[in-house]
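Only heavy atoms go into these numbers, but all of them, side chains included; no hydrogens, no water, no symmetry mates.
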2 protein chains.
Amino acid sequence: MTDHLLSKGARGRPRRFDPNAALITGRALFHTHGYEALGIAAITEALGIRPASFYAAFGSKAAYFERIAEAYVAEVLPLEAFFRDDCPIVDSIAELLGEAARTYTTCSDQAGCLVLEALRADRSGEGRRIAMRVAQIRREKLQAFIARGAPAVAFIATDVVTVTMAGMSAAARDGVSCVCLEQVAAVATVGLRSLIEGSA
Amino acid sequence: MTDHLLSKGARGRPRRFDPNAALITGRALFHTHGYEALGIAAITEALGIRPASFYAAFGSKAAYFERIAEAYVAEVLPLEAFFRDDCPIVDSIAELLGEAARTYTTCSDQAGCLVLEALRADRSGEGRRIAMRVAQIRREKLQAFIARGAPAVAFIATDVVTVTMAGMSAAARDGVSCVCLEQVAAVATVGLRSLIEGSA
DNA sequence: TAAATTATGTAGCGATCAATCAATAAATTC
DNA sequence: GAATTTATTGATTGATCGCTACATAATTTA
């Protein structure tokens with residue numbers, strides 16, 4: 001329980017809070033309020049610590065968010081889990097879009113994708129820079145997966161998936177239900193199937 | 001040129017700026033920077049006036065934005081221009097999505113839809129409230145148009161169009177090109193055609 | 001026990017936010 | 001010309017932003 005406080009050979013005064021738990025809490029806070037709208041005051045109050053402790057542990061709000069965003073994409077809708085070589089590419093995409101519909105609507109006050117919504121919320125700030133980088137890495141990974149099964153249309157198919165997921169994330173934020181998004185995902189899949197099979 | 005200054009029967013000291021021109025300028029500013037990120041200081045500097053003059057003319061930043069947003073939806077991608085009874089509904093949608101692809105990418109520093117991007121940028125503020133209302137009215141109008149040609153699937157088709165346009169606006173903001181978005185629109189149209197024709 | 005190290009609490013930094021106040025200037029009406 | 005009306009200028013207001021300086025507290029190492 002308090003292992004993190006008494007770690008081996010840690011000199012100096014021990015922390016009174018768990019940085020890992022603080023990342024979990026911060027993830028929920030950023031998902032609910034967005035990057036810009038979530039202030040240090042709200043973060044430190046939720047964590048039960050003072051700003052000085054926050055900055056000693058994480059460096060800056062941007063660095064804190066960056067760690068949270070990277071952990072998020074590694075855990076939520078991991079592309080590796082959807083794209084397997086024994087499965088037609090369009091079926092993988094259909095699964096991904098359907099699961100996105102469900103994931104984006106699981107919690108009403110944390111609707112949509114943490115990264116995609118942060119990307120939209122910031123126009124030029126540090127939050128956008130971070131979300132942009134994380135989203136871009138994910139996009140390239142997605143394109144590589146699609147290229148294995150449909151190289152001729154990998155670029156455009158990636159754009160379609162990206163646009164659809166961004167739109168679904170936005171719609172989820174606006175209150176669109178899970179079943180509606182699942183239907184949207186199904187319609188998008190029809191178009192993608194036509195695109196991919198037409199290129200075979 | 002200065003007609004607005006010398007309007008008939010206007011008592012009191014005349015304005016030194018044109019409110020209509022200020023709305024045009026503000027539209028470009030909001031489109032570029034977003035609602036939250038655009039401050040009164042930047043607005044008044046761009047208009048060449050002092051904050052007090054701005055508030056005397058428009059009341060508040062929110063009211064200023066509301067007038068701009070309403071003028072925007074009335075002018076940009078007007079639904080009435082796309083949906084005519086002598087035209088299959090899916091063709092109207094295809095035209096709308098294609099034109100959205102072009103509109104959203106005409107100016108790189110004003111990419112995407114002014115209203116949809118404002119909707120995404122604000123999580124709970126006044127900007128979101130306004131953009132939400134404007135977008136909702138537009139959504140209902142779109143659904144009514146689609147229902148005339150495809151009543152059985154009007155709701156889901158409206159969701160598909162809404163999600164696609166929100167995603168295209170986001171992608172345009174992130175630098176996706178016009179031709180890419182046109183291809184995305186074409187793929188989405190394939191799915192919609194299947195949906196609508198399957199319900200006939 | 002002394003020195004070194006690290007985290008904490010308190011307090012506040014300068015900047016920016018939307019919005020406003022009082023005083024003044026410029027027009028019309030009487 | 002005097003009164004009225006409206007817009008202007010200039011200086012702020014209180015709140016909040018991300019962030020930090022400083023002294024103190026709590027731990028390890030020597």
**Asked** Any ion pair linking A:R120 and B:D122 (charged N to carboxylate O, less than 4.0 Å)?
**Response**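 No, this pair does not count.
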
Between [options], spot the one nearest the side chain of [X], thanks.
X     : options                : result
A:P14 : C:dT8, D:dT27, D:dT20  : D:dT27
A:R13 : C:dA7, D:dG18, C:dA19  : C:dA7
A:A52 : D:dA26, D:dA21, D:dT8  : D:dA21
A:S60 : D:dT4, D:dT27, D:dC19  : D:dC19
A:K61 : D:dG18, C:dA18, C:dT29 : D:dG18

[X] [atom1] to [N] [atom2]: how many Å, rounded?
X     : N      : atom1 : atom2 : value
A:R16 : D:dA25 : CZ    : P     : 13 Å
A:L47 : C:dG9  : CG    : P     : 12 Å
A:F65 : D:dC17 : CZ    : P     : 17 Å
A:E45 : D:dT16 : CD    : C1'   : 14 Å
A:R11 : C:dA4  : CZ    : P     : 10 Å
A:H33 : D:dC17 : NE2   : C1'   : 16 Å
A:F54 : D:dC17 : CZ    : P     : 13 Å
A:E36 : D:dT16 : CD    : C1'   : 13 Å

Counting the atoms with a prime plus P, OP1 and OP2 as sugar-phosphate, which does B:I43 contact under 4.0 Å by heavy atoms, base, sugar-phosphate, or nothing?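 Answer is nothing: B:I43 stays at 4.0 Å or more from every strand.
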
For [Y], does the six-membered ring have the charged nitrogen or CZ of [X] within the cation-pi criterion, i.e. under 6.0 angstrom from the centroid and within 45° of the normal?
X      : Y      : answer
B:K61  : B:Y35  : yes
B:R27  : B:Y64  : no
A:R139 : A:F155 : yes
A:K141 : A:F83  : no

Has [X] got a side-chain N or O lying under 4.0 Å from the OP1 or OP2 atom of [N]?
X     : N      : value
B:Y55 : C:dT20 : no
B:R50 : D:dT9  : yes
B:S53 : D:dT8  : yes
B:R15 : D:dA7  : yes

Position toward the 5' end of DNA chain D (nearest nucleotide), B:I49 or A:A37:
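Result: B:I49.
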
inquiry  = Quick check on DNA chain C: between B:A62 and B:G12, whose nearest nucleotide comes earlier from the 5' end?
reply    =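 Nearest-nucleotide comparison on DNA chain C picks B:A62.
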
